[in-house]
Amino acid sequence: MTLSLELSNSLNLLIEILSTGMLVLALGIVIVPNLLSIIRLYQAQSVILALITLMVAMVFLKHGIMIVFIFIPILLALYIEPLLALATVKEDMPIKQRVSRLLPWHILASAVLAQIRSHAQPTWLELRPSRRGQVFPLFASLVLVAFAYFIAFGLVGNFPEERAILPREFIQANGIAVSLSLVLLGLSILTQKQDIISQIMGLLVMEHGLFLFAIKVPSGLPGQAFPSSSVAFVLSLFVYIVITLIILAVLLPELHSRSGSIEIDDQQELKG
Amino acid sequence: MYEVDQILSLVTLAVFFPVIAAVASLGFMFIGRLRWLDRITPICSFLSLLATLLLARLYKDPVHFGFNQFNLQLVYIDSLSVYFMLLVNLVAFVVSWYSVSYLGYDKLHNPYHRPAWFHLLLNLFHITMLVVPMMGNMILLWIAVELTTVVSTMLVRYRRDRRALEASWKFIITTTTGIIFALLGTLLVAYSIPPVEGAAEFIKLGQDPMSWSNLVDERVYPYLENDYLRLAFLFILIGYGTKAGLAPMHTWLPDGHGEAPSPVSALLSGVMLKSALYAILRFYTLTNLVLEDRAFTSGLLLLAGLFSLALSTPLILKHNRFKRVLAYHSLEHMGIITFGLGIGTSAALFGALLHALNHAITKALMFTTYGYAHQQYTDQVLGNAKKTLDENDVRGVWKAMPVTGSILAIGGLALVGSPPFNIFMSEFIILWAAVQKLLNLAGPPVSVGATGVVGGQSAVVGVSLPSISYGGVVQVFWVLAVVIFLVSVSLIFVGMVRHLSRLLLGPAPFAAIESGLSNIRPLAPFLVLLALVALFGLLVPNWFVPLPEILHDSAQILIEGPLPP
C-alpha cells in the first residue's frame, strides 16, 4: 500500500514540526535547573521521537520493519527514571541485585521506581538546583542551533523562492539541522550541567539527534527488500544506548558510594 | 577460491582462539578452579598471533565475506587490515603473557581480585580490537570500536578503588561523546550517497552501500556529494580522534592509562588508539578520492597532529606520576602519526604506519615493565597489605632491580626517539618526508650575490636560496611545522630523561632483588618487546612475513584506494 502524494507531504510536514518540537524541548533541558524537570522533558522528547518514527515508517511503507524502532524511544521514556534512580542509590549494591531490579517482569516503570524508593532514597531528590544562571546557556544554545541550521542549509543547497508546499530540499535541510542541533545541544548539556545525571541526559539527547538522523537515512537501493543502512544505524544506536545505560547502572553507584557525591566538582581526585 | 577460503579460515582462526579463551574464562567464573586459566589466555593469544602471521604470509589480494540477503559486507581484508591485525595480536600476546605475573601480584594487593573476570574482559578486549580491522561495513566498524570502549571501561574500573572508578567514568563519558560524533560522520557518508536516479552504476552493484570497498569503487565515489563528505570527515576526525587520543579530546588519556592495571594500560595505549586510527584511515582514503584533492584532509590532520604534539610537550615536562607521563607520550606519538598522515606522501604514510607499530611495541614495553617494577616495589615495601604503593615512592629502580631498570632506561630512551631504536627510525622517515615536502614546494633556487673588494682583489660572494613562489604562506607553515616537530621532540627527550632519572636513580627502599638474568622468567615478555624495539630500529624485517611489502601496499591503499589485483 502506498500513500498518496498529499498525505505523504502532510506527514513530512508534520514530521518536521514535531522534530522542531524536539528541538524546543532540548532547549528547555538546557535551561531548566531542576533534575526531575530535565527528565520529564526528556521523556516528552522520547514520546515525540516515537511518533516521528511511526510517521517515517508510514511514509516509507515498504520498510515496515521501521515500526519496530518506535519501541526504542518508548522504552527509554518508560525506564529512564527508574534506571537513574537505581544508578544514584547511595549504596554499593551487588551488580546482580541492581540488574534484577530492571528485569522484564517489572513492566510498569512506576512499580520499579516504587520498589527502588522503598529501598533507598534516590539522590536527585536531594540535589539543589544548578548554581549557574540560565541566560548564558540559553544564548549559547541558540547560537549552536543557528550554527547547525547554517551548516544544514549550506549542505543541501539552493531552494526555490516560491513554494506552495514544503519542498523536499527544505524538509531534508530542516531534518539535518534539527538532528545536528540536538547533538550540539546534548553536548552543551553535558558540559554545562554540574551533576553526573545531567551528563547522562546530555548523552541521551545527543542520541536522540542521531536517532532522528538515522531513521531518515535514504533507505537503500531499488530491489533491496531490506533497508540495511537505516536498520544497521538504528541497531547500532540501540547497542550504544543499552551498553551505556548498563554501565551507568554498574559504574555510577560505585562511584557514588566511594566519593559520596554525584556532582562533577566532587570528582576531581585525578588531576594533572 | 582456494586462496580466499584459506584467508577466511585464518581470519576465523585468529578470532576463534581468543573467543575460546573468553568462553573458558566465563566458565571459570562459575567453576572456581583457576589453575589452568592463567595458561589458556596466553596460549590462545599466541595461537591467534600465529594465525595472523600465516595470514600475512599468504595474503595476496583483498578478500571479503558478507550476507548477500541482507546486503551486508561483514568482513573485508586487505593489506591495511592485515597490518593492523598483526599489530593487535603482537601486543595482545605479550600483554596476556605478562598478565599471568600481574594477576599473581593482584591477588595479594587488590581486595577486588577476580582473575576469571579479568581474563574474560582481557579476551573480550582482544576480540573487539581484532575485529575492528576486519569490518567491511562502516557501521559495523563503528559498533566494533564502540564495543572496545565498553570493554575497556570495565577494565579501567577493575581495581574498583575511588581513582579507578573516577577514571573509568571520565573515560566512558569522553569517549562516548566522541563516538557519537563518529556515528554522525558515518551517517553523513550515508546521506552523501546520491538519489538512485543519478547513479546508474551504483545501482548495478546492488550491494552493501556502506561497505568501504563499494564506497571507494571508481564507479561509485564520483557520485558521492563533496560537501557531505567534508563535514563527515570533520566529524569522523573529532569522533574517532577522541578515541585515538588526539588533542583537544585527549583528556581521558592520563586518567584511563594511569589508573588501569598495567597490562590494560599497555593495550589501551598500544592497540586501542590504533584501532580508532584505523577507522580514521578508512574515511581518509574515501574522502580524498571523493574530493579528488588531499588538501582538506591533509590540512585537518596536520593541524590535529601538530597541536597534539605541541600540547603534549609541557604536559610531559611537568612533574607527574610515571604512568600519566607515559599516557601523555601517547598524545605525542599519536600527534606524530597524524602529522605523518597529514603530509600525505607515500613515504610519510609509510612512516606513519610504521610508527603506529613501533609506538605500540615500545609503549607496551614501558607500561608492562613499569607495572612489573611497581608490583615488585609494592610486594617489598607493603608486604601483603591489600593496597598499592604510591607511584611517587617507586625510586632507585636501577639499584633495587638492575635488569628491570635497564629495560626501563632503554625503553624510555627508545620511546623519545633515541637512535638506534625503532621510534627513531619511523620518526626520521616522517621528518624526512616533511622536509621533502617543504623542498618540493620551493621553486628552482635563486642566486643572490654581492661583489666586493677583498685584499685588493674583487670577489663575488653568492648564495642560492629557494625562491618564494605561490604558497609562500604554505612554505612558512611547513617550516613552522618542521620546527615545532623538532623542538617538541627535543624537549620531550629532556622530559623523559628527567622522569627516568627520578624513577631509576637515588636510594632504593630495599636491597637489590635482581642479580643478572638468573630469574629471567618474569622478565621474558619485556625482553621479547625489547628485542623488537632494537630490531625495528635497524630494519623492517622481511622474515616469514613480508612486512615491508605489507606496509608499502597499505600506504598505497591510503593514497589510491583498493590496489588492482
Side-chain angles (χ1 to χ4, degrees), chain A residues 92 151-152 154-157 172 176 179-180 183 186-187 190-191 196 199-200 202-203 206-207 209-210 213-214 216-218 220-233 235-237 239-240 243-244 246-248 250-252 254-259 266-272, chain B residues 67 69-72 137 139-140 142-143 146-147 149-150 153-154 157 160-170 172-173 176-177 179-181 183-184 186-188 190-191 193-196 199 202-203 205-210 225 227-228 231 235 254-255 258-259 315 318-321 324:
Chain A
D92 200 357
I151 289 179
L155 265 182
V156 176
Q172 187 180 359
I176 294 173
S179 301
L180 198 50
V183 171
L187 184 62
L190 195 148
T191 50
I196 293 177
Q199 276 192 327
I200 297 157
L203 280 178
M206 291 174 87
E207 178 273 323
L210 286 180
F213 211 17
K216 295 181 194 171
V217 163
L221 306 171
Q224 278 188 342
F226 210 78
S228 58
S229 293
S230 54
V231 170
F233 275 121
L235 280 178
S236 61
L237 275 171
V239 166
Y240 155 74
I243 291 169
T244 305
I246 287 174
I247 288 194
L248 160 69
V250 168
L251 208 53
L252 187 51
E254 291 176 342
L255 181 62
H256 191 187
S257 71
R258 297 286 191 282
S259 67
D266 296 332
Q267 317 300 334
Q268 300 295 332
E269 178 112 346
L270 300 173
K271 286 178 186 171
Chain B
F67 300 105
Q69 62 272 39
F70 298 122
N71 299 106
L72 189 70
N137 180 288
I139 308 167
L140 294 182
W142 182 88
I143 293 176
E146 167 69 357
L147 288 175
T149 304
V150 167
T153 301
M154 301 309 281
R157 166 190 173 262
R160 290 179 68 186
D161 57 22
R162 164 87 189 264
R163 298 171 68 95
L165 291 169
E166 187 178 315
S168 55
W169 181 259
K170 289 178 177 175
I172 194 165
I173 288 290
T176 303
T177 308
I179 210 80
I180 288 175
F181 280 95
L183 187 59
L184 185 58
T186 313
L187 273 163
L188 281 165
Y191 270 75
I193 299 170
V196 161
F202 190 60
I203 296 169
L205 284 175
Q207 294 172 20
D208 185 352
M210 286 301 293
E225 297 192 31
D227 288 340
Y228 279 90
L231 194 59
F235 284 131
D255 297 336
E259 301 309 319
L315 295 172
K318 70 175 185 175
H319 177 83
N320 212 334
R321 291 160 59 231
R324 292 179 81 87

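Per chain, numbering begins at 1; letters A, B, ... match sequence-line order.
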Heavy-atom pair with the smallest gap, counting every atom of [X] and [Y]:
X	Y	answer
B/Ala190	A/Phe233	CB-CE1, 3.7 Å
A/Gly154	B/Asp227	O-OD2, 4.4 Å
A/Ala214	B/Leu187	CA-CD2, 3.6 Å

Next item on the list: With a 4.5 angstrom heavy-atom cut-off, could you sort out which part of A/Ile200 is near chain B: side chain, backbone, both or neither?
Entry: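 Just its side chain gets close to chain B.
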Less than 4.5 Å to any heavy atom of chain A: does that hold for the side chain of [X], its backbone, both, or neither?
X	answer
B/Ile172	side chain
B/Ile143	side chain
B/Leu231	side chain
B/Thr186	both

Note to self: Once ring pair (Phe, Tyr, Trp, His ring centres under 6.0 Å) is applied, do any residues pair with A/Tyr240, and if so which ones, sequence neighbours excluded?
What the structure shows: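 By the ring pair (Phe, Tyr, Trp, His ring centres under 6.0 Å) rule, A/Tyr240 matches no residue at all.
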Gap separating the [atom1] atom of [X] from the [atom2] atom of [Y], nearest 0.5 angstrom:
X	Y	atom1	atom2	answer
A/Leu187	B/Phe181	CG	CZ	4.5 Å
A/Glu207	B/Thr176	CD	OG1	12.5 Å
B/Glu166	A/Leu251	CD	CG	11.0 Å

Checklist line | Listed partners of B/Ile173 passing side chain to side chain contact (heavy atoms under 4.5 Å, CB included), at least two apart | finding: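 Testing B/Ile173 for side chain to side chain contact (heavy atoms under 4.5 Å, CB included), a comparison that skips the adjacent residues, returns A/Leu190, A/Gln199, A/Leu203, B/Trp169, B/Thr177.
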Checklist line | Close side-chain approach of B/Phe235 to A/Val183, heavy-atom, < 4.5 Å | finding: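 Result no, sub-4.5 Å side-chain heavy-atom pair not found.
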